[in-house]
Amino acid sequence: MGAETLVNNGEAKAPLILGLQPAALIDHVARVDWSLLHQIPGERGGSIPVEFKELEHILSELKKHILTSVDDPSPMKTMAGGSVANTIRGLSSGFGVNSGMIGAHGDDEQGQLFVSNMNFTGVNISRLRKKTGPTAQCVCLVDAYGNRTMRPCLSTAVKVQGDELTKDDFSGSKWLVMRYGIFNLEVTQAAIRFAKQEGLSVSIDLASFEMVRNFREPLLKLLESGDIDLCFANEDEATELLRGEANASPEAALEYLSKYCRWAVVTLGANGCIAKHAQEVVRVPAIGETKAVDATGAGDLFAGGFLYGLVKGLSLEECCKVGSCSGGAVIRSLGGEVTPENWQWMYKQMQIKGLPLPDISELMSPRSNKH
């Protein structure tokens, strides 16, 4: 791939961590009042795909219903989104880990925005393909309590296909980060094949309880293949995974996942998380001192912190603690991107907990680290 930017001894330096998000995605995140949520079909709190016309309608209605708060003068933010993009961007911009993206974006304004946002935060974008067609978009409506309702518009969006991946996309990297999705199963399986040939470890996030509920069989098959090294699930996804079993608790799901994955993590929202590696099981509380402005990206940034811990060689408990710091940082503002002030907040939390700070924290500090 000739477009590699980082050159080391005449050779392109491959990203340590690669994220596969087949379709680039732009998020429109807004604080809204209840009256708008009542007008939009589908239940609150869920994620329901919409056609482009409806997306445009919601965006125009949004302008009338936006909530402004004193803390947040810009009640709507438009940014590169998607679970994997959130994780990879966090690893690059907040943790200073050499990270890259595999995927495709359209030849439109949204595609350009996705590329420039990822590039600006230091993500290696040489594996992003440009295609003719629209880039996926999603409206994320956040109520006054920080709960979110998602309306993605993905049906006509461009995405990378399994047969377009090459060995070179993966060569030299250590981790492949993905999200489970039935519509991306073919490209997911192709990526796993290349990753395993090239000696990468594979991490997967279970995406949503609806995805686990509706497409459980292919997911169980994927997990039981033994190709997944690290799995992240939240409490709802964990329960859904063992639906119908006598014991469908998060603890039982952790046991099940750890049979097939070297690391298994179940996040429990305000109750922190539980994780298992080999015979070790840990339970780590969430960070108490944070106010949830918007829960978007909490799981994605938790995963970023956990992966930073793994590549740094930290213990299982420390990996969870870093994850709780980064997950706690993203929910302090709107959208799945951590603001510079909230990265500072996170470094401070890490320092208090005696966790090794990323080298980048020195560069990002507005003053020396004494403040």
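- Between Pro22 and Leu20, some side-chain heavy-atom pair lies under the 4.5 Å cut-off.
- Tracing side-chain contacts under 4.5 Å through hydrophobic residues (I, L, V, M, F, W, Y), one reaches Met350 starting from Leu310; they form part of the same cluster.
- Salt-bridge formation is not detected for the pair Glu317/Lys353: no Lys NZ or Arg NE/NH1/NH2 atom is positioned less than 4.0 Å from an Asp or Glu carboxylate oxygen.
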(request) Applying side chain to side chain contact (heavy atoms under 4.5 Å, CB included), run through Val293 and Ser333 and close with a yes or a no. (result) CA-CA 6 Å; Val293 170; Ser333 67; 5.6 Å; no
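- Side-chain contact check for Leu62 versus Met76: some heavy-atom pair is nearer than 4.5 Å.
- Applying the side-chain contact (heavy atoms from CB on, under 4.5 Å) test to Asn271 and every residue at least two apart in sequence or in another chain returns Leu268.
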(message) Does Arg151 form a side chain to side chain contact (heavy atoms under 4.5 Å, CB included) with Glu54? I'd like the steps, not just the answer.
(response) CA-CA 9 Å; Arg151 292 293 177 267; Glu54 180 156 15; 5.7 Å; no
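- In terms of modelled atom types and a separation under 3.5 Å, the side chain of Arg129 and the main chain of Arg127 share a donor-acceptor contact.
- Residue Tyr180 is tested with Thr188, Leu219, Leu223 for a side chain to side chain contact (heavy atoms under 4.5 Å, CB included); the sole match is Leu219.
- Looking only at side-chain heavy atoms (C-beta outward), Phe114 and Leu128 come within less than 4.5 Å of each other.
- Val139 places a side-chain heavy atom less than 4.5 Å from the side chain of Leu59.
- Contact annotation: the side chain of Pro218 approaches that of Ile182 to within less than 4.5 Å [non-hydrogen atoms, C-beta and beyond].
- Annotation for Leu314 and Pro356: closest pair CD2-CG, 3.5 Å, computed over non-hydrogen atoms.
- Taking the side chain as every heavy atom from C-beta outward, Glu255 and Lys276 approach each other to under 4.5 Å.
- Met178 and Ala191 get closest at one heavy-atom pair: SD-CB, 4.3 Å.
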(request) Output, in order, the C-alpha distance, side-chain angles, deciding distance and verdict of side chain to side chain contact (heavy atoms under 4.5 Å, CB included) for Leu25 and Leu154. (result) CA-CA 9 Å; Leu25 173 70; Leu154 312 171; 4.1 Å; yes
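- Rounding to the nearest 0.5 Å places SG of Cys153 at 9.5 Å from CD1 of Ile58.
- Between the side chains of Lys13 and Asn98, no donor-acceptor pair of N or O atoms lies under 3.5 Å.
- Leu206 and Met150 are assigned to two separate hydrophobic clusters, defined by single-linkage of ILVMFWY side chains at heavy-atom distances under 4.5 Å.
- Once rounded to the nearest 0.5 Å, the distance linking CD of Glu337 with NZ of Lys77 reads 8.0 Å.
- Side-chain atoms of Phe209 and Thr239, non-hydrogen and from C-beta on, never get closer than 4.5 Å to each other.
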(message) Under the criterion side chain to side chain contact (heavy atoms under 4.5 Å, CB included), I'd like the reasoning laid out for Phe95 against Trp343: C-alpha separation, chi angles, the key distance, then a yes or no.
(response) CA-CA 9 Å; Phe95 289 106; Trp343 282 127; 4.2 Å; yes
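- Between the side chains of Arg89 and Asn117, a donor-acceptor pair is found at a separation under 3.5 Å.
- A donor-acceptor contact closer than 3.5 angstrom links the side chains of Ser126 and Asn124.
- At a threshold of 4.5 Å between non-hydrogen side-chain atoms, the residues Ile228 and Tyr260 do not count as touching.
- Of the possible polar contacts, none joining the Thr296 side chain to the Gly335 backbone as a donor-acceptor pair under 3.5 Å is found.
- For the atom pair Leu18 CG and Leu176 CG, the distance stands at 6.5 Å (nearest 0.5 Å).
- Sorted by first and then second residue, the side-chain hydrogen bond (donor to acceptor under 3.5 Å, both in side chains) pairs involving residues 224-234 (not counting sequence neighbours) are Lys196-Asp229, Glu224-Tyr256, Asn234-Glu237.
- Considering CG of Leu141 and CZ of Arg148, their distance stands at 12.0 Å, rounded to 0.5 Å.
- One finds the CG atom of Leu242 at 11.0 Å from the CD atom of Glu251 (value rounded to the nearest 0.5 Å).
- Using modelled atom types, no side-chain atom of Asn119 and backbone atom of Val115 make a donor-acceptor pair closer than 3.5 Å.
- No donor-acceptor distance shorter than 3.5 angstrom exists from the side chain of Tyr308 to the backbone of Gly90, with no hydrogens or angles considered.
- Hydrophobic cluster membership is shared by Leu230 and Phe302, with clusters built from Ile, Leu, Val, Met, Phe, Trp and Tyr side chains linked at under 4.5 angstrom.
- Remark: Gln189 CD to Lys221 NZ distance equals 7.0 Å, nearest 0.5 Å.
- Across every non-hydrogen atom of Ser47 and Glu210, the tightest pair is N-OE2, 4.1 Å.
- More than 12 heavy atoms of other shown residues, nucleotides or ligands fall within 6.0 angstrom of atom CD in Glu186.
- A distance-only check finds no donor-acceptor pair linking the side chain of Asn342 to the backbone of Trp345 [under 3.5 Å].
- When every heavy atom of Ala104 is checked against every heavy atom of Lys159, the shortest pair comes out as CB-C, 3.7 Å.
- Of the possible polar contacts, one joining the Tyr347 side chain to the Gly94 backbone as a donor-acceptor pair under 3.5 Å is found.
- The main-chain N or O of Asn147 is found under 3.5 Å from a side-chain atom of Asp143 such that the two form a donor-acceptor pair.
- Each of Phe306 and Leu257 belongs to its own hydrophobic cluster when Ile, Leu, Val, Met, Phe, Trp and Tyr are linked at side-chain heavy-atom distances under 4.5 angstrom.
- Note on Arg243 versus Glu240: salt bridge recorded, some NZ/NE/NH1/NH2 to OD/OE distance being below 4.0 Å.
- Between the side chain of Thr135 and the main chain of His105, no donor-acceptor pair closer than 3.5 Å is present.
- Remark: side-chain polar atoms of Ser92 are not paired, donor with acceptor, to backbone N or O of Ser99 under 3.5 angstrom.
- Counting all heavy atoms, side chain and backbone alike, Ile204 lies closest to Arg179 at CG1-C, 4.1 Å.
- Val158 and Val50 are assigned to two separate hydrophobic clusters, defined by single-linkage of ILVMFWY side chains at heavy-atom distances under 4.5 Å.
- For Glu280 (side chain) and His277 (main-chain N/O), no donor-acceptor pair under 3.5 Å exists by modelled atom type.
- Minimum heavy-atom separation, Val322 to Gly305: CG1-O, 3.4 Å.
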